[in-house]
Peer 1: 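Attaching a single structure in structure tokens format; questions to follow.
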2 protein chains.
Amino acid sequence: MSHMGYSCLMALDRDHVLRSAAALLTRKSTATMDEVAKAAGISRATLHRHFAGRDALVRALEALGIAECEAALDRAHPEEGTATDGVRRLVREMQPAAGLLAFLYGESQLWEGERQNDGWQRLDSRIGALFQRGQQDGEFRIDLTPVWLTEALYGLTASCAWATMDGRVAARDFPTMVAELLLGGALRREES
Amino acid sequence: MSHMGYSCLMALDRDHVLRSAAALLTRKSTATMDEVAKAAGISRATLHRHFAGRDALVRALEALGIAECEAALDRAHPEEGTATDGVRRLVREMQPAAGLLAFLYGESQLWEGERQNDGWQRLDSRIGALFQRGQQDGEFRIDLTPVWLTEALYGLTASCAWATMDGRVAARDFPTMVAELLLGGALRREES
DNA sequence: CCGTGGTGAGACATTCATGTCTCACATGGG
DNA sequence: CCCATGTGAGACATGAATGTCTCACCACGG
């Protein structure tokens, strides 16, 4: 059983470690490799066998976050129905990834370098397309650019994840708070 | 001129150093003390004479950010006119502090500890009161709590500061993008 | 002219997270 | 039963940022 070392056990373990790390770093972004290992129930040595270093771990978490967002997009079917409902579905599906997203949002390591994951651009495109469709269909206002709306979606998601962890917002209200603010803003609608 | 060491020159220098540090750390939050000193045009030794350490520097920047936000609130007169216009004025006045705010937002050091600056609570109260007034006057919807609206204001401000630095949003559009999204959301208003 | 205080430059020790290595152990298959 | 593989524990070196210290210098006022 030598040549299959990475195929069965390691793959499962790796995913488990990755999710433990995500859960921990979401709460304490400065956690040390030792703490990450303990949180996953493995030793630092084994953690190193999975991820060459902290850098690699963060990169893997970045890939995980992107994958989860893309999965959320797949589940949300943003191209179906009204753009408004598409945004609501998207926010709902993104909630499980919100904490991880908030962590990645604050990892300067990912944004300062020249090289950055193409996944973000793919995500931006897909989300931006949703907002653009809403504008073309006359649902969304056109004085806020799709790029900014996309950025705002990330920002509100991260903010609400933070507020949820601090207890300032109830977790069950997350989809409403983010989607309703993003879509309708603070102003009351005129009774028509 | 021994006993007045901190009164004239040092005070001016300290403020200059603080603002240089804010400008640098806004762009590169991981800048080293050496880089901060160089950016301020002083040596690391002198930097240390102003701020006992990186921790103290960040704390001072926190106090500066809070002070600038409170000054923005003072200038905005949020209690006058409609709450809607109050929010617009507040966002406009907060723009100069947005970069610093975005930096502080990502400094886990400030939020993880037990002890945290009372200034944030004062700010939250004043901003929350503005949103609450809007709700009581029937301008704002009541299904989004003032606490969440306050959090969203911070989050959108930080997000837009980021987007501005990356060139995804023009600096001159900052007040519009933040205030209009926060107030009106992405949806078009019905023509009444 | 001289003394004082603030400064810059640099050497130095310290701390901490990280990366690397070895070795004993346990488990599971042949 | 024996061997191989993955693992945990720990020692060790490394590197970087930080905190501390000394000393020469310069400008200023007396």
Side-chain angles (χ1 to χ4, degrees), chain A residues 1-62 103-104 106-110 112-113, chain B residues 1-22 24-62 103 106-110 112-113:
Chain A
M1 214 182 265
S2 62
H3 62 288
M4 63 184 299
Y6 276 91
S7 58
C8 308
L9 291 174
M10 297 279 283
L12 287 176
D13 278 6
R14 188 188 144 99
D15 192 71
H16 166 246
V17 170
L18 210 48
R19 296 193 181 275
S20 303
L24 173 60
L25 291 171
T26 287
R27 293 192 306 271
K28 188 186 174 189
S29 62
T30 58
T32 187
M33 291 293 274
D34 227 333
E35 296 172 291
V36 172
K38 276 194 174 59
I42 61 176
S43 73
R44 200 159 63 97
T46 304
L47 178 59
H48 250 279
R49 288 179 191 116
H50 286 297
F51 306 98
R54 187 190 186 75
D55 199 73
L57 175 62
V58 172
R59 292 289 176 185
L61 285 171
E62 179 186 35
F103 161 70
L104 295 173
E107 278 305 281
S108 49
Q109 164 196 354
L110 300 176
E112 284 174 358
Chain B
M1 210 184 267
S2 61
H3 62 289
M4 63 184 300
Y6 276 91
S7 59
C8 307
L9 291 176
M10 296 280 282
L12 288 177
D13 278 3
R14 187 189 145 99
D15 192 70
H16 165 246
V17 170
L18 211 48
R19 296 192 180 276
S20 303
L24 173 60
L25 291 172
T26 287
R27 293 193 306 271
K28 188 186 173 189
S29 61
T30 59
T32 190
M33 291 293 274
D34 227 333
E35 296 172 290
V36 171
K38 275 194 175 59
I42 61 176
S43 72
R44 202 160 62 96
T46 304
L47 177 60
H48 243 277
R49 288 179 190 116
H50 286 297
F51 306 98
R54 187 190 185 76
D55 198 75
L57 175 62
V58 172
R59 292 288 176 184
L61 286 170
E62 179 186 34
F103 162 70
E107 277 306 282
S108 49
Q109 166 195 353
L110 299 176
E112 284 173 359

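So you know, we letter chains A, B, ... as the sequences are listed, proteins then strands, and number each from 1.
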Peer 1: So how far is it from D13(A) CG to R49(A) CZ, rounded to the nearest 0.5 Å?
Peer 2: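 With rounding to 0.5 Å, CG (D13(A)) is 12.0 Å from CZ (R49(A)).
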Peer 1: Tell me which nucleotide among dT7(D), dG10(C), dG8(D) gets nearest to the side chain of D13(A).
Peer 2: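 Among the listed nucleotides, the one closest to the side chain of D13(A) is dT7(D).
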Peer 1: For dG8(C), take OP1 and OP2 only and decide whether either is under 4.0 Å from a side-chain N or O of T46(B).
Peer 2: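 True: T46(B) side-chain N/O within range (under 4.0 Å) of dG8(C) OP1/OP2.
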Peer 1: Take atom CG of L47(B) and atom C1' of dT20(D), then tell me their distance rounded to the nearest Å.
Peer 2: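 Distance, rounded to whole Å: 14 Å.
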Peer 1: Please list, chain by chain and in numerical order, all residues satisfying side-chain hydrogen bond (donor to acceptor under 3.5 Å, both in side chains) with Q109(B), sequence neighbours excluded.
Peer 2: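 Here the qualifying residues are D55(B).
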Peer 1: Which side chain to side chain donor-acceptor pair (under 3.5 Å) pairs, counting each pair once, include a residue from residues 31-41 of chain B, with sequence neighbours left out?
Peer 2: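 As it turns out, the side chain to side chain donor-acceptor pair (under 3.5 Å) pairs with a partner in residues 31-41 of chain B, which skip direct neighbours, are K28(B)-E35(B).
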Peer 1: Give the rounded distance in Å between these two atoms: CZ of F51(A) and C1' of dT20(C).
Peer 2: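 Nearest whole value for this atom pair: 19 Å.
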Peer 1: Using whole Å, report how far CZ of R14(A) lies from C1' of dT7(D).
Peer 2: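 Interatomic distance, CZ of R14(A) to C1' of dT7(D): 18 Å.
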Peer 1: What residue pairs, at least two apart or across chains, pass salt bridge (charged side-chain N to carboxylate O under 4.0 Å, His left out) with a residue in residues 39-48 of chain A?
Peer 2: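 Non-adjacent pairs meeting salt bridge (charged side-chain N to carboxylate O under 4.0 Å, His left out): zero.
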Peer 1: Please list, pair by pair, any protein nitrogen or oxygen found under 3.5 Å from a nitrogen or oxygen in nucleotides 17-19 of chain D.
Peer 2:
residue : atom : partner : partner atom : Å
dT18(D) : OP1  : R54(B)  : NH1          : 3.1
dT18(D) : OP2  : T32(B)  : OG1          : 2.5
dT18(D) : OP2  : M33(B)  : N            : 2.9
dG19(D) : OP2  : H48(B)  : NE2          : 3.3
dG19(D) : N7   : R44(B)  : NH1          : 3.3
dG19(D) : O6   : R44(B)  : NH2          : 3.1

Peer 1: Please report, to 0.1 Å, the donor-acceptor pairs under 3.5 Å made by any side chain of residues 17-26 of chain A, with sequence neighbours excluded.
Peer 2:
residue : atom : partner : partner atom : Å
R19(A)  : NE   : D15(A)  : OD2          : 3.1
R19(A)  : NH1  : E68(A)  : OE2          : 2.9
S20(A)  : OG   : H16(A)  : O            : 3.0
T26(A)  : OG1  : A22(A)  : O            : 2.6

Peer 1: Within this structure, what is the NE2-to-P distance between H50(A) and dG19(C), rounded to whole angstrom?
Peer 2: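 Computing the H50(A):NE2 to dG19(C):P distance gives 16 Å.
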Peer 1: For R54(A), give me all partners under salt bridge (Lys or Arg N to Asp or Glu O under 4.0 Å), at least two apart in sequence or on another chain.
Peer 2: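 Here no residue qualifies.
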